[in-house]
Amino acid sequence: MLIRHYKGLSRTLILVSHMLDVPPPRVVEGRRSPRKRTLLGGKVIYGDDNRVRDCTIRDISQKGARIALAQGEIIPTSVFLLDRRNATVHEAKVTWIKAPNFGLRFVNSYSLDSELPPELQHIKRIWTVYRSPLGTID
């Protein structure tokens with residue numbers, strides 16, 4: 001009897017085989033919402049003083065994203081992720097950290113081309129500057 005171990009994203013599959021030439025089963029993606037690999041520039045916004053940090057969006061789906069920050073940077077557990085390509089801001093919770101990568105779960109998403117709720121008007125100002133390639137925040 002041969003025992004083979006295959007590590008998946010979040011599960012370990014143990015295959016017990018009586019024959020050495022039996023190929024291992026295919027590992028299937030377990031996420032409800034498929035992730036799309038990306039390499040996009042983004043902004044993380046947080047705090048009462050609207051701190052803005054550059055980030056790289058590595059993976060994204062309808063439900064969340066994996067972002068990378070500069071080495072040594074940290075963020076709180078509740079943030080906004082500004083996705084320039086899709087003109088969208090995501091209200092997000094940090095679900096895991098493996099620095100410099102952070103896993104985000106989206107709580108709400110808003111199109112920046114439409115009206116934002118009053119409590120998010122500060123995001124519209126940041127977006128106005130960010131979407132312009134040479135813009136600066138005053």
Side-chain angles (χ1 to χ4, degrees):
M1 178 186 303
L2 174 68
I3 299 177
R4 295 180 185 157
H5 296 270
Y6 297 97
K7 292 195 183 246
L9 294 172
S10 63
R11 301 180 186 113
T12 300
L13 172 67
I14 299 175
L15 173 66
V16 179
S17 173
H18 294 285
M19 299 169 44
L20 293 174
D21 58 349
V22 175
R26 196 177 91 211
V27 177
V28 178
E29 175 68 53
R31 290 182 181 84
R32 291 185 183 128
S33 175
R35 282 196 307 193
K36 180 180 178 185
R37 285 192 177 261
T38 64
L39 188 57
L40 303 172
K43 299 281 187 190
V44 176
I45 305 163
Y46 61 90
D48 294 334
D49 54 351
N50 296 318
R51 293 185 182 196
V52 179
R53 298 284 180 257
D54 291 324
C55 72
T56 302
I57 303 171
R58 300 284 188 180
D59 295 324
I60 194 161
S61 73
Q62 290 179 341
K63 305 263 185 193
R66 176 173 59 108
I67 64 168
L69 297 174
Q71 195 67 35
E73 285 193 10
I74 59 171
I75 54 175
T77 57
S78 294
V79 297
F80 290 95
L81 175 64
L82 195 58
D83 178 354
R84 182 177 182 179
R85 183 185 66 180
N86 295 314
T88 305
V89 65
H90 304 282
E91 182 180 359
K93 298 285 185 188
V94 176
T95 57
W96 59 264
I97 301 170
K98 188 173 180 183
N101 295 303
F102 294 77
L104 305 179
R105 178 181 50 84
F106 298 152
V107 177
N108 289 306
S109 297
Y110 305 92
S111 170
L112 291 162
D113 294 329
S114 60
E115 192 62 33
L116 293 177
E119 64 273 12
L120 299 181
Q121 289 305 309
H122 64 284
I123 302 278
K124 197 71 148 184
R125 180 177 149 269
I126 294 168
W127 167 244
T128 301
V129 173
Y130 178 50
R131 71 178 174 189
S132 169
L134 300 175
T136 57
I137 297 177
D138 297 329

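Quick caveat, the model's predicted, so the values are computed rather than measured. Only this structure's heavy atoms are used, side chains among them; waters, hydrogens and symmetry mates stay out.
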(request) Sequence neighbours left out, what passes side-chain contact (heavy atoms from CB on, under 4.5 Å) with N108? Give chain and number order. (result)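 Residues passing side-chain contact (heavy atoms from CB on, under 4.5 Å) with N108: E91, Y110.
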
(message) Tell me whether R66 forms a cation-pi arrangement with F102, defined as NZ or CZ under 6.0 Å from the six-membered ring centre and within 45 degrees of its axis.
(response)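 No; the conditions do not both hold, so R66 does not lie above the ring face of F102.
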
(message) Are V94 and V107 connected into the same hydrophobic cluster when the rule is that any two of I, L, V, M, F, W, Y join if their side-chain heavy atoms are below 4.5 Å apart?
(response)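 Unlinked, V107 and V94 end up in two clusters.
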
(message) Do I74 and V52 sit in one hydrophobic cluster, given that two such residues count as connected whenever their side-chain heavy atoms are within less than 4.5 Å of each other, even indirectly?
(response)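 Different hydrophobic clusters.
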
(request) Provide the closest heavy-atom pair for L81 versus A65 in the form atom of the first, atom of the second, distance. (result)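 So the two residues come closest at CD2-CB, 4.1 Å.
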
(request) Taking all non-hydrogen atoms of both residues into account, name the closest pair between V44 and L69 and its distance. (result)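 What the structure gives for the nearest pair is CG2-CD2, 4.3 Å.
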
(request) State the CD-NE2 distance between Q62 and H90, to the nearest 0.5 angstrom. (result)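 Q62 CD to H90 NE2: 10.0 Å, rounded to 0.5 Å.
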
Please examine the side chains of [Y] and [X], heavy atoms only from C-beta on, and report whether any two atoms are closer than 4.5 Å.
X	Y	answer
I60	F106	yes
V79	I45	no
T95	L104	no
I75	I67	yes
Y46	R53	yes
W127	V89	no

(request) Output all residues satisfying salt bridge (charged side-chain N to carboxylate O under 4.0 Å, His left out) with D49, sequence neighbours left out; order by chain, then residue number. (result)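 So D49 forms a salt bridge (charged side-chain N to carboxylate O under 4.0 Å, His left out) with R51.
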
(request) Scan residues 70-83 for pairs that pass side chain to side chain donor-acceptor pair (under 3.5 Å), counting only residues two or more places apart or in two chains. (result)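 Side chain to side chain donor-acceptor pair (under 3.5 Å) check on residues 70-83 returns S78-K93, D83-N86.
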
(request) Please step through side chain to side chain contact (heavy atoms under 4.5 Å, CB included) for the pair I126 and N50, ending with a clear verdict. (result) CA-CA 9 Å; I126 294 168; N50 296 318; 4.3 Å; yes

(request) Return yes if some donor-acceptor pair links the side-chain N/O of T56 with the main-chain N/O of R58 below 3.5 Å, else return no. (result)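 Not confirmed, T56 side chain does not pair with R58 backbone.
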
(message) Treating K124 as the side-chain partner and L112 as the backbone partner, does any N or O pair qualify as donor plus acceptor under 3.5 Å?
(response)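 At least one qualifying donor-acceptor pair exists.
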
(request) Name the orientation class of the two ring planes belonging to F80 and H122 (parallel below 30°, tilted from 30 to 60°, perpendicular beyond 60°). (result)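 Judged by the thresholds at 30° and 60°, the geometry between F80 and H122 is perpendicular.
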
